[in-house]
*Asks:* 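One structure follows; several queries about it will come next.
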Amino acid sequence: MSELSRRECKPCKGGVAPLKASASGALREELGGSWRVVDEHHLENEFRFKNFREAMAFRNKVGDLAEKVNHHPDLHVSWGRVKVTVF
């Protein structure tokens, strides 16, 4: 388990500048896999599954975790895929 996975998200309350490419790139490196930094602004990844049911189960797990930590990514579900965008 990486150090990043043990951290808690603290929502921004305005006046906090978004991460620049160097900082978000470092976070991406910690995440590994196929996460990308988009427009020096947010992280994005697309996960693939055998079918729609597995994609929905993953989406639900992400949703439950998002509620728990109060940080809600954009989730786009299609057949066998879930795209996660974290701002």
Side-chain angles (χ1 to χ4, degrees):
M1 183 179 286
S2 75
E3 175 63 30
L4 184 59
S5 66
R6 289 189 279 274
R7 290 173 152 172
E8 280 189 35
C9 175
K10 294 180 182 162
C12 298
K13 299 194 184 213
V16 177
L19 293 174
K20 293 295 179 196
S22 58
S24 57
L27 291 175
R28 193 206 63 76
E29 290 297 320
E30 282 190 62
L31 289 170
S34 56
W35 285 92
R36 324 183 316 250
V37 177
V38 179
D39 298 331
E40 293 190 14
H41 180 261
H42 56 277
L43 296 168
E44 189 171 86
N45 197 358
E46 183 174 276
F47 298 88
R48 296 182 180 263
F49 302 91
K50 293 179 187 175
N51 53 49
F52 190 72
R53 183 179 306 276
E54 288 183 12
M56 289 297 290
F58 175 78
R59 190 261 347 230
N60 291 339
K61 287 180 183 179
V62 171
D64 289 344
L65 178 60
E67 278 297 299
K68 181 179 176 184
V69 300
N70 197 29
H71 191 167
H72 304 91
D74 287 354
L75 302 171
H76 176 81
V77 180
S78 58
W79 192 94
R81 297 180 198 188
V82 177
K83 182 168 79 171
V84 178
T85 305
V86 182
F87 292 91

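Residues: numbered from 1 along the sequence shown.
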*Asks:* Can you give each donor-acceptor pair under 3.5 Å made by side-chain atoms of residues 73-87, sequence neighbours left out, with the distance rounded to 0.1 Å?
*Replies:*
| residue | atom | partner | partner atom | Å |
| --- | --- | --- | --- | --- |
| Thr85 | OG1 | Glu44 | OE2 | 3.1 |

*Asks:* Tell me, please, which residues at least two apart from Phe49 pass ring-ring contact (aromatic ring centres under 6.0 Å, His included).
*Replies:*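 Expected list: Phe58.
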*Asks:* Filter on salt bridge (Lys or Arg N to Asp or Glu O under 4.0 Å), then keep only pairs touching residues 53-71, sequence neighbours left out; what's left?
*Replies:*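 Every pair satisfying salt bridge (Lys or Arg N to Asp or Glu O under 4.0 Å) with a residue in residues 53-71: there are none.
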*Asks:* Not counting sequence neighbours, which residues clear side chain to side chain donor-acceptor pair (under 3.5 Å) with Glu46? List them please.
*Replies:*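 Per chain and number, Glu46 pairs via side chain to side chain donor-acceptor pair (under 3.5 Å) with Arg48.
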*Asks:* Please step through side chain to side chain contact (heavy atoms under 4.5 Å, CB included) for the pair Val38 and Leu43, ending with a clear verdict.
*Replies:* CA-CA 6 Å; Val38 179; Leu43 296 168; over 6 Å; no
